[in-house]
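Reminder, nothing fancy here: chain letters follow the sequence lines and each chain counts from 1.
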Amino acid sequence: MSRVVVVGAGIVGASCAYYAARAEWDVVVVERAQVASGTTSRGEGNLLVSDKGAGPELDLMRLSRRLWLELGDELGRDALELDEKGGLVVASTAAGLAALTAFAEGQRRAGVVADAVGDLGSVEPHIADGLAGGMFYPEDLQVQPVLAAQTLLDAAGARGAELVRGAEVLGFAAGAGADRRVGRPLGLALADGSTLEADAVVNAAGPWAGLLGDGLTAPVPVLPRRGFVLVTEPVGPMVRHKVYAADYVAAVASGEAGLQTSCVVEGTRGGTVLIGASRERVGFDDTLDPVVVRRLASAACAVFPFLREVSLLRTYRGFRPYCPDHLPVIGPDPRVPGLVHAVGHEGAGIGLAPATGHLVTAMISGALRSRRDPHSPDILDGVDARAFAPERFAAAALP
Amino acid sequence: MTGTELGFELDGEPIAFRAGQSVGAALVASGRLSWRTTRVEGRPRGIFCGIGICFDCLVVVDGRPNQRACLVAARDGMRVATQTGTGWTP
């Protein structure tokens, strides 16, 4: 049995471990800290088709959505807190609504269900009056990401996968980096001085993937993009769906380093309301910024006026793995045979995790874009993996 | 320390307190151990951490739910109510 070492026990690493274990790989997950202790525990757990325009990321998300529902059947929906809650995108102006309508038309042609909503109050009873309109996306899902990551790792463990916590991969062991021929095991150097041999290595290090890539002589241009989430006191089912402003899509697509905020509001099973979303590239600085908190709170109150009377319990923040072209990097590294990247999902990593794990497993198994077999296909389950290949940075960032 | 005439109401019942006491401390001093029920299973809750972290001791203060009894300073004449569910009515 061949061994794959997955670096990172976030949702992407957990998914890679699960699908690889199911494909009878000998799986070792190496995690620097704890399960889901990075980006996975700092988001909201959205599995959105609604914010993705027609293109490769939407194809990947549509596959991932099917896989999440399958995982719900296999592992139990409660073990993931999988909820078919649906998403409501709202526009405050007629121009915003026209842009949203055009965006949704492109999505429909790609197979997405998007229903125009004239009376927003019929979908969200506590939403503000006076908004221009919106679009309902019944296919948007939610999971509890920390629970989902642990559940996937447990399921991988039941198939023999091993999880090593508190272990950091620094790079290749001395000598192992000099002669990396196809078919030879890769020797990984861990921070405690030990070496771990692997036939395949998956970089699932989230926003730290760039640093790990450097250590593995395979740089990828992944940078941290900070985001805040506000948590209210429990108010019960006042917000029924994921509700966000139409300008969110533009904020996600922006490459701006400075602060971008857009209004994202949703209720949770526990009764709290989560409020996002901010984006800014400030390195790994996790200072609490009250300006961001105020902007997010005020935008949320404009969409849900009842929130003016609701207190915040806390805020949290974390770092999304940002890639300059807003597409994940999923594929074999052209410089290091045996190394596969599964990184750069920015804010969509929870949603895209199962499809990522599925593709990565196909790649290391030679069924998709394998370095071991250059004649393997590029397309799997409706996803053209070439869009995510690390080679696309060849001119810019790859040496 | 001597008692004073200060008091607030809990669900209409008078609760005496000393100046500077929190609502939670006054409730415990009155012999009460729980004054809230949990959202899902309706289990009793009162003071647990006592320092504002655990959100177990929630009460409705002058109509506002989810106030931490351990942090709210008791005021003469305030109206405190036990909380069930989230304290909010959709």
[atom1]/[X]: more than 12 non-hydrogen atoms of other groups inside 6.0 Å:
| X | atom1 | result |
| --- | --- | --- |
| B:Leu33 | CG | no |
| A:Asp129 | CG | no |
| B:Phe48 | CZ | no |
| B:Arg45 | CZ | yes |
| B:Arg79 | CZ | no |

Report the residues that fulfil salt bridge (charged side-chain N to carboxylate O under 4.0 Å, His left out) with A:Glu31, sequence neighbours left out, ordered by chain and then residue number.
-> none
For residues 295-309 of chain A against chain B, heavy atoms under 4.5 Å, the residues are A:Glu309
Can you measure from CE (A:Met238) to OG1 (B:Thr86) and round to the nearest 0.5 angstrom?
-> 8.5 Å
How long is the span from the OG1 atom in A:Thr232 to the CG atom in B:Asn66, to the nearest 0.5 Å?
-> 8.5 Å
Please report the closest heavy-atom contact between A:Ser311 and B:Arg64, naming both atoms and the distance.
-> OG-NH2, 3.2 Å
Verify, without hydrogens or angle tests, whether B:Arg39 (side chain) and A:Gly270 (backbone) share a donor-acceptor contact under 3.5 angstrom.
-> yes
